[in-house]
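This report concerns only the one structure given below.
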Amino acid sequence: MSSEPHPLAETGPVPVALSAARKIRISEASRHVGELVELQGWLYNLRKSGKIVFPIIRDGSGMMQCVAVKSNLPEPVFEALKGLTQESSFTVTGTIRAEARATGGFELDVTDAKVIQRVSEDQPYPITPKEHGVDFLMDHRHLWLRSRRQHAAIRVRHEVIAGIREYFDSHGFTLVDTPIFTPAACEGTTTLFEVDYFGDEKVYLTQSGQLYNEANAMAFGKVYCFGPTFRAEKSKTRRHLTEFWMVEPEMAYADLDEVKRVAEELLVYLTARVLENRAEELKILERDTSKLSSVRAPFPRLSYDEAVKLLQTKGSEIEWGGDFGNTDETLLTEDYDRPVIVDRYPAHIKAFYFQPDEQRPELALGVDLIAPEGYGEIIGGGQRIHDLALLEARLAEHRLPREAFEWYLDLRRFGTVPHGGFGMGVERFVAWMCGLEHVRETIPYPRMLYRTRP
RNA sequence: UCCUCAGUAGCUCAACGGUAGAGCAUUCGGCUGUUAACCGAAGGGUUGUAGGUUCGAAUCCUACCUGAGGAGCCA
């Protein structure tokens, strides 16, 4: 580290506008062609050719190539632009011009510029325009988010989340949040993160808002909760995070068919919305969108029985009673261009609260929606037990502590009704939309088995 | 937790028992239309850690550490 400041370093206070030029974001460029505007951003890349330099500025909304010609600019302005290093922050003023040669279709003819902070050559920006490995990039996740592909994936995530909210809000659902600290396991199966709660009581980070959702559905009719969920399982695959986001709708007076209908409608809506509003991001991600435009109702529907038979003809070693592995899920969807709905699973591989099938009580009225292209289960849900005696029996069978579930049993004592819902994993859905290999790129700061930083 | 693979310059990789090298990044110089620009030059290394084999180890062996892919489990 040199103690001498670089001659081009800017150490003064952050400036206000350079001129009377209107400050705009790059995404608005098409509405300001021919106007003098100011852009505020960071240097993405710089090419120079003697007396002309081409800084590419990114401002979070897009990128634009600027053209700075030496003979048209004051010497210090030209030299400052010429000496910019990657990710230096600066503002430029100039006139927007339509330019077919430039990516994005517009260029800025620079008339003035101001460097806010020039990134030091002693410690240059670590992520270069060349290739990097996953480990290095994950260690620099806080900077990696500035890159084109990561930026695009997070914007698709944003669109999906906005779509989820819009879908439920416009279909009569109320957002009722469920707690993150919970006193006991919801399902009694997965491993939980234990938290020291003021020394005396043990609490856990939630793995699902579902039990609380059922109470909320009896209060509001149709509800959803949407928040982070935690699983302490030591899963090490491209489909797992220890902290992930899940949206869980729950509906009073709903049976399994209604749950399937809503799940299907939600996926169709979200997919169409992403295709409509995020075409540019999908292009950056090089997503084959023909794989998404076929996602329309109705989705193929299989019973668990049929799915097992189908898998056996495809060479899987699955036997009736077993759960699907990842290769099974991929085999199940390989002949379809949209998600597959599989329902009525053996009760013993599902959680205690699933309503049994009337004709065949050994089956649970659970349903999974399995995404194509190997993205696996993105929705899981079903119809819940509404009968008090049956639920009490199931709690005992699963050796769950009765006292912790007394409030949950109350829902069956005071005006119980058939009800159901499902949970959708946001990151898996976004990974599918984006065509990403790994869910870790669909969340800003992934938490995984061996990664909690940055 | 188990199986497989990988750790060499800031980054991506090469060298596979005999003097550690290239591209990118950074610095300096050149170029008025570049598109991961190009051309010339410079600086940059305890080869993940600790042992062992050998005249000689980045290279072979052992253990450990770190990471990646997969299995199981799940959304």
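Protein chains get the first letters and strands the later ones, always in sequence-line order, with residue 1 at the start of each.
In terms of the ring-ring contact (aromatic ring centres under 6.0 Å, His included) criterion, residue partners of A/F173 (sequence neighbours excluded) are, by chain and number, A/F168. Under the rule for a ring-ring contact (aromatic ring centres under 6.0 Å, His included), the partners of A/H140 that lie at least two apart in sequence or sit in another chain are A/F136.
Stacking between A/Y450 and B/G67 is absent: the ring centroid is not both under 5.5 Å from the six-membered base ring centre and under 30° in plane angle.
You'll find the ring centres of A/F324 and A/Y304 inside the 6.0 Å limit.
By the 4.0 Å N-to-carboxylate-O rule, A/R261 lies close enough to A/E258 to be salt-bridged with it.
The base of B/G43 is not paired with the side chain of A/E121 by any donor and acceptor separated by under 3.5 Å. Looking at A/R428, its side chain comes within 3.5 Å of the base of B/C74 through a donor and an acceptor atom. Contact of A/H132 with B/C11 (side chain to base): no donor-acceptor pair of N or O atoms is detected under 3.5 Å. Remark: the A/S235 side chain and the B/C73 base include a donor-acceptor N/O pair separated by less than 3.5 Å.
Phosphate contact (OP1/OP2 of B/G69, side-chain N/O of A/H438, threshold under 4.0 Å): present. Residue A/K236 places at least one side-chain N or O under 4.0 Å from the OP1 or OP2 atom of B/A68. One finds no side-chain N or O of A/R238 lying less than 4.0 angstrom from the OP1 or OP2 phosphate oxygen of B/C74.
Using the Watson-Crick or G-U wobble rule with both distances under 3.5 Å, B/U66 pairs with B/A6.
For RNA chain B, the neighbouring residues in residues 51-71 of chain A, judged by any heavy atom under 4.0 Å, are A/K51, A/I52, A/F54, A/Q65, A/V67, A/V69, A/S71.
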